[in-house]
Undergrad: 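This is the structure I want to talk about, given as structure tokens.
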Amino acid sequence: MAPQRKMIVFPTKNELSEAMAEYTANLSAKFIKEKGLFTVVLSGGDLIDWLCKLVQPPYIDSIEWSKWHVFWVDERVCAWEDPDSNYKLAMEGFLSKVPIPDKNIYAIDKHLAADGNAEHCATLYEECLKNLVKEKIIPISKKTGYPEFDLQLLGMGPDGHMASLFPNHPQINEKQKWVTYITDSPKPPPKRITFTLPVINSTLYNLMAICDKAPAKSVAEIMKHNNLSLPSAHLSAQVENVWYLDQAAASEL
Ligand SMILES: O=C1O[C@H](COP(=O)(O)O)[C@@H](O)[C@H](O)[C@H]1O
């Protein structure tokens, strides 16, 4: 059975960031000790700002960054240099400040993304994951049959979307593919690729971080009514499904 959703409300965004860094650092140490590497999936959006504590002491010096392998739960289909790119956001705000080997950072294909071919980008990203399964970087979960990442750091939009799974869009129902695409995202830019729900939920530890007032109503819909029309309400995990909120995001609870 999937673990129950666990919620922690922090007085401020700063305290949430501290806790997220500690959570990530502890899992990094655990998995590196157990299997010699740590697979981390990032989302885009405000989450990257809240990762700021990881690039400060004590974490910047204590984490074994060379053992990290970094992925994106979703990506906008645009050039890497485009201000919309989740890769650019993560590089500038986080990844360029820590010594993770370039070869361990698995971004969307640069040229296809610049060409704007969402379907092809999704196919290629799935192929990349499958190659990493062969190389034994990513295991296939015996329980779910899908790739098993160690930690996924997620954010939620005010409309309740997570990754690029949006309300009233069919991508949430995809069960065959590991990575799918959307060309009519209600949030710009319209073309994106995204992990599918079974892959998101096959992750061992999922941490959903939500701050500010804008998503507060959706947070309440999920926490109080388990409103499954909101994609984030479907979030689960193999070991832990933890939601970190600041006071503003929890204000409608
Ligand atoms: O478009 C996206 O939105 C969500 C939420 O972003 P936020 O700016 O509201 O925090 C993000 O998690 C996702 O990765 C991104 O592509």
Side-chain angles (χ1 to χ4, degrees), residues 10 13-14 16-17 20 24 40-52 70-95 105-108 113 116 118 121-122 125 149 151-169 171-172 178-197 199-201 203 205-222 230-237 241-252:
F10 295 91
K13 220 181 269 186
N14 193 50
L16 181 148
S17 292
M20 192 157 65
T24 303
V40 184
V41 184
L42 299 176
S43 58
D46 294 335
L47 177 101
I48 301 300
D49 284 346
W50 311 329
L51 290 179
C52 57
V70 178
F71 303 84
W72 276 266
V73 69
D74 74 322
E75 181 55 283
R76 288 92 178 272
V77 179
C78 57
W80 281 5
E81 301 77 24
D82 192 297
D84 277 333
S85 161
N86 282 342
Y87 169 81
K88 177 184 164 76
L89 185 75
M91 277 314 268
E92 289 179 355
F94 173 43
L95 299 173
I105 296 178
Y106 306 96
I108 191 171
C121 284
Y125 206 67
F149 295 95
L151 170 66
Q152 195 160 229
L153 297 167
L154 295 155
M156 181 181 85
D159 61 353
H161 83 267
M162 68 172 173
S164 283
L165 300 176
F166 290 90
N168 306 314
H169 281 72
Q171 286 77 12
I172 187 95
W178 293 0
V179 182
T180 189
Y181 67 100
I182 177 168
T183 54
D184 61 349
S185 159
K187 177 179 175 182
K191 292 185 194 172
R192 294 149 172 257
I193 64 168
T194 181
F195 280 9
T196 56
L197 187 64
V199 173
I200 291 175
N201 286 347
T203 299
Y205 292 80
N206 268 325
L207 192 163
M208 170 68 90
I210 313 177
C211 293
D212 303 323
K213 184 91 187 139
K217 280 206 162 53
S218 288
V219 167
E221 276 300 310
I222 294 167
L230 304 182
S232 299
H234 295 262
L235 181 65
S236 166
N241 172 17
V242 63
W243 290 49
Y244 282 6
L245 311 179
D246 73 350
Q247 287 283 1
S251 60
E252 302 277 337

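In each ligand, atom 1 is the first atom listed, and ligand 1 is the first ligand listed.
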Undergrad: Just which atoms of ligand 1 are under 4.0 Å from any heavy atom in Gly157?
TA: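 It comes down to these atoms of ligand 1: 5 (C), 9 (O).
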
Undergrad: Are any non-hydrogen side-chain atoms of Asp212 and Lys13 less than 4.5 angstrom apart?
TA: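 Yes, at least one pair of side-chain atoms sits under 4.5 Å.
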
Undergrad: Considering heavy atoms of the protein only, find what lies nearest to atom 10 (O) of ligand 1 and give residue, atom and distance to 0.1 Å.
TA: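 Checking every protein heavy atom, the shortest distance to atom 10 (O) of ligand 1 gives Asp46 N, 3.1 Å.
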
Undergrad: If you measure from CD on Glu75 to CD1 on Ile193, what distance do you get to the nearest 0.5 Å?
TA: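 That separation rounds to 7.0 Å.
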
Undergrad: With the side chain counted from C-beta on, respond yes when Tyr87 and Leu95 share a heavy-atom pair under 4.5 Å apart, and no when they do not.
TA: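 Not touching, per the 4.5 Å side-chain cut-off.
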
Undergrad: May I ask you to identify the nearest protein heavy atom to atom 6 (O) of ligand 1, giving residue, atom name and distance to one decimal place in Å?
TA: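 Among all protein heavy atoms, the one nearest atom 6 (O) of ligand 1 is Lys187 NZ, 3.5 Å.
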
Undergrad: State the CG-CZ distance between Asn86 and Arg192, to the nearest 0.5 angstrom.
TA: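 Asn86 CG to Arg192 CZ: 7.5 Å, rounded to 0.5 Å.
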
Undergrad: Does the N or O separation between Pro158 and ligand 1 drop below 3.5 Å for any pair?
TA: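 No; the residue has no nitrogen or oxygen that sits under 3.5 Å from a nitrogen or oxygen of the ligand.
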
Undergrad: For the residue pair Ile200 and Leu165, establish whether any side-chain heavy-atom pair is separated by less than 4.5 Å.
TA: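 The answer is yes, as the side chains (C-beta and beyond) meet within the 4.5 Å cut-off.
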
Undergrad: If you define the side chain from C-beta out and look only at heavy atoms, does anything of Lys187 sit under 4.5 Å from Arg76?
TA: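 Yes, close enough: below the 4.5 Å cut-off.
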
Undergrad: Atoms of ligand 1 less than 4.0 Å from Gly155 heavy atoms?
TA: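 Answer, ordered by atom number: 12 (O).
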
Undergrad: With a 4.0 Å cut-off on heavy atoms, is Arg76 in contact with ligand 1?
TA: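 Checking ligand 1 against Arg76, which is what was asked, there is a heavy-atom contact under 4.0 Å.
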
Undergrad: What is the minimum heavy-atom distance between Ala122 and Thr180, and which atoms define it?
TA: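 Taking Ala122 first and Thr180 second, the nearest heavy atoms are CB-O, 3.6 Å.
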
Undergrad: Judged on heavy-atom distance to atom 13 (C) of ligand 1, which of Leu165, Leu47, Asp74 sits nearest?
TA: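 Heavy atom nearest to atom 13 (C) of ligand 1 belongs to Asp74.
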
Undergrad: Any non-hydrogen atom of Arg192 lying under 4.0 Å from ligand 1?
TA: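 Flag set, Arg192 near ligand 1.
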
Undergrad: Let me know which of Phe149, Tyr181, Trp72 forms a ring pair (Phe, Tyr, Trp, His ring centres under 6.0 Å) with Phe195.
TA: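 Filter result, single survivor: Phe149.
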
Undergrad: So which heavy atom in the protein is nearest atom 4 (C) of ligand 1, and how far is it from that ligand atom?
TA: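 Minimum-distance protein heavy atom for atom 4 (C) of ligand 1 reads His161 NE2, 3.2 Å.
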
Undergrad: Considering the heavy atoms of Ser43, write down every atom of ligand 1 situated less than 4.0 Å from one of them.
TA: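 Those atoms are 12 (O), 14 (O).
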
Undergrad: Which bit of Asn86 is near ligand 1, meaning a heavy atom under 4.0 Å away: side chain, backbone, both or neither?
TA: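 For Asn86, only side-chain atoms sit under 4.0 Å from ligand 1.
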
